[in-house]
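Structure, as structure tokens:
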Number of protein chains: 2
Amino acid sequence: MSLRYAILGFLGSTPATGYVIGREFAQGAGAFWSALPSQIYPELRALEQLGWIEGTHDASDRLNRRVFTLTAQGVAALQQWVEAPMEYPPERDAERVRLIFLDRSAPDIIRRHLLSHAAHFRDKLATWRVIRAAMTDGTHRQMRARLAQRPAGEHDLILLTKLLAYDGNIARAELEIAWAEDALTRLEALWSVAEEVAEPI
Amino acid sequence: MSLRYAILGFLGSTPATGYVIGREFAQGAGAFWSALPSQIYPELRALEQLGWIEGTHDASDRLNRRVFTLTAQGVAALQQWVEAPMEYPPERDAERVRLIFLDRSAPDIIRRHLLSHAAHFRDKLATWRVIRAAMTDGTHRQMRARLAQRPAGEHDLILLTKLLAYDGNIARAELEIAWAEDALTRLEALWSVAEEVAEPI
DNA sequence: CTGCCCATGTAAATCGTTACATGATTAC
DNA sequence: GTAATCATGTAACGATTTACATGGGCAG
């Protein structure tokens, strides 16, 4: 059900087409949730059926675009969901499963695994830092749209919740990089001892 | 496909029934992957069809138990998978989505959200620390079974890869707790300023 | 006029959860 | 005897990915 509310939340900042939502999920919003067009379009229909969003066809628009807007019921449904107690999903981490069973593999393969883990999160880190910076310097479109429709007194809180979310992801990425590097250090120490035993001086 | 290889990896340490695999996924192995019986039993059949595991019915066993053992082909298939390049799944984090859109909610609700986030990971942390300790002091059954069938020279590496995996999860849990506490601190600071503005001295 | 992006979808397959069903064994 | 745990499944549903289909607009 999270996709449903991620879409509602997005439309809570600004009306948008399915295409724009999909693009956001593939970029900025993708830090927290993502979905492909084949999932987004049917979900938009379902939300329209529920009366939580409203889609308008612009007759003058040659492309068959539909712009969706959050309804009052949609706002209420979103509010209810975000305030509901979290149900944490089970842990599922293919990287850890691989590492655990890499104990029959050559050092170079284990090294490659950890280096690419670090590289993956360095990538994420760079992306998220750019978005975070855009939020604090007022360049971030989505954020500006959201602030524009809310009283100035609430602006600090609106910005802070998003910054906290990005800061959390940034800290996670930094942790994964540091973890992978520490893991490599510990493995190299083990391998260098093994070598000394194999070829004593 | 990760479930498939998580099962193979488990059976690589010791033969087991579907029930035991399910119990492991709900406990120790659940730190990295999990699955319910309704997914495990069909997968075991599929693995048997592939010739990667072999199930034996013990006629003397009154319960209808089948004990599965990894075949040589299964060992090879697992090896190939763990060494293959990781494909990282998209980020999907319902907690972050909630936090981001909690900016219309009362301070107490946001507080509760972050406190329960910290509580959730304190729980995980405690569990994982206990398992990690069992691995280093030689109490961990699964680990002992795995070590027993491998030459002593490999024992350090076999243990280290598992410790690294748990250490990573432990560090993640610690991070989430610290993040939630920091988030609370920053929010309280914001709210106390807002109060002062509302009720100046 | 060609290639790229905009834009919206459908269909099938895969992965995972929920609900249901059944029966044996063990501890109290 | 009865409740908890052991043990193995099936069926239906929900969430996600992959593959396919179609056509308009815009820049070089």
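Here is how names work: the chains are called A, B, and so on, in the same order as the sequence lines, proteins then strands, and each is numbered from 1. In what follows, every heavy atom counts, from backbone to side chain, and hydrogens, waters and symmetry copies are set aside. No experiment lies behind these values; they were computed from the predicted model shown.
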Whole angstroms only, please: what is the CD1-P distance between I7(B) and dC15(C)?
12 Å

Selected nucleotide, minimal atom distance to M1(A) side chain, candidates dA15(D), dC15(C), dT8(D)
dA15(D)

What is the distance, rounded to the nearest whole Å, between atom NE2 of H57(B) and atom C1' of dA24(C)?
14 Å

Give the ring-plane orientation class for F32(A) versus Y166(A), where under 30° counts as parallel, over 60° as perpendicular and anything between as tilted.
perpendicular

Given dC6(C), dT17(C), dT16(D), the nucleotide with the shortest approach to the side chain of L3(A):
dT16(D)

Any residue in residues 8-15 of chain A with a heavy atom nearer than 4.0 angstrom to DNA chain C? Just list them by number, or reply none.
none

dT8(C) OP1/OP2 closer than 4.0 Å to side-chain N/O of Y19(A):
no

Whole-Å gap separating P (dC5(C)) and CZ (R23(A)):
13 Å

Which residues, if any, of residues 32-45 of chain B bring a heavy atom under 4.0 Å of DNA chain D?
S38(B), Y41(B), R45(B)

Using 30° and 60° as the class boundaries, would you call the ring planes of Y88(A) and F121(B) parallel, tilted or perpendicular?
perpendicular

Given side-chain hydrogen bond (donor to acceptor under 3.5 Å, both in side chains), test E83(B) with Q79(B) step by step and report yes or no.
CA-CA 6 Å; E83(B) 297 188 357; Q79(B) 185 82 358; 2.9 Å; yes

Other residues, nucleotides and ligands only: do more than 12 of their heavy atoms fall within 6.0 Å of CZ on R141(A)?
no

Can any side-chain N or O of E176(A) pair as donor or acceptor with the backbone N or O of R172(B) at less than 3.5 Å?
no

dC15(C) C1' sits how many Å from Y5(B) OH, rounded?
15 Å

Would L50(A) and R4(A) count as a side chain to side chain contact (heavy atoms under 4.5 Å, CB included) if you check the C-alpha gap in whole Å, the side-chain angles of each, and the deciding distance to 0.1 Å?
CA-CA 11 Å; L50(A) 285 167; R4(A) 169 161 300 182; 3.5 Å; yes

In terms of side-chain heavy atoms of R92(A), which of dG16(C), dT16(D), dT5(D) is nearest?
dG16(C)

Looking across every strand, which nucleic acid part, if any, lies under 4.0 Å from P89(B) by heavy atom: base, sugar-phosphate, or nothing?
nothing

Would you indicate whether the side-chain heavy atoms of I21(B) and E43(B) approach each other to under 4.5 Å?
no

Give the minimum heavy-atom separation between T161(B) and I100(A), together with the two atoms involved.
OG1-O, 3.5 Å

Rounded distance (Å) that lies between atom P of dA15(D) and atom CG of D93(B):
18 Å

Need to verify one output field. Residue with the more 5' nearest nucleotide on DNA chain D, E87(B) or V67(B)?
V67(B)

Would the number of heavy atoms belonging to other residues, nucleotides or ligands and lying under 6.0 Å from CD of Q149(B) be above 12?
yes

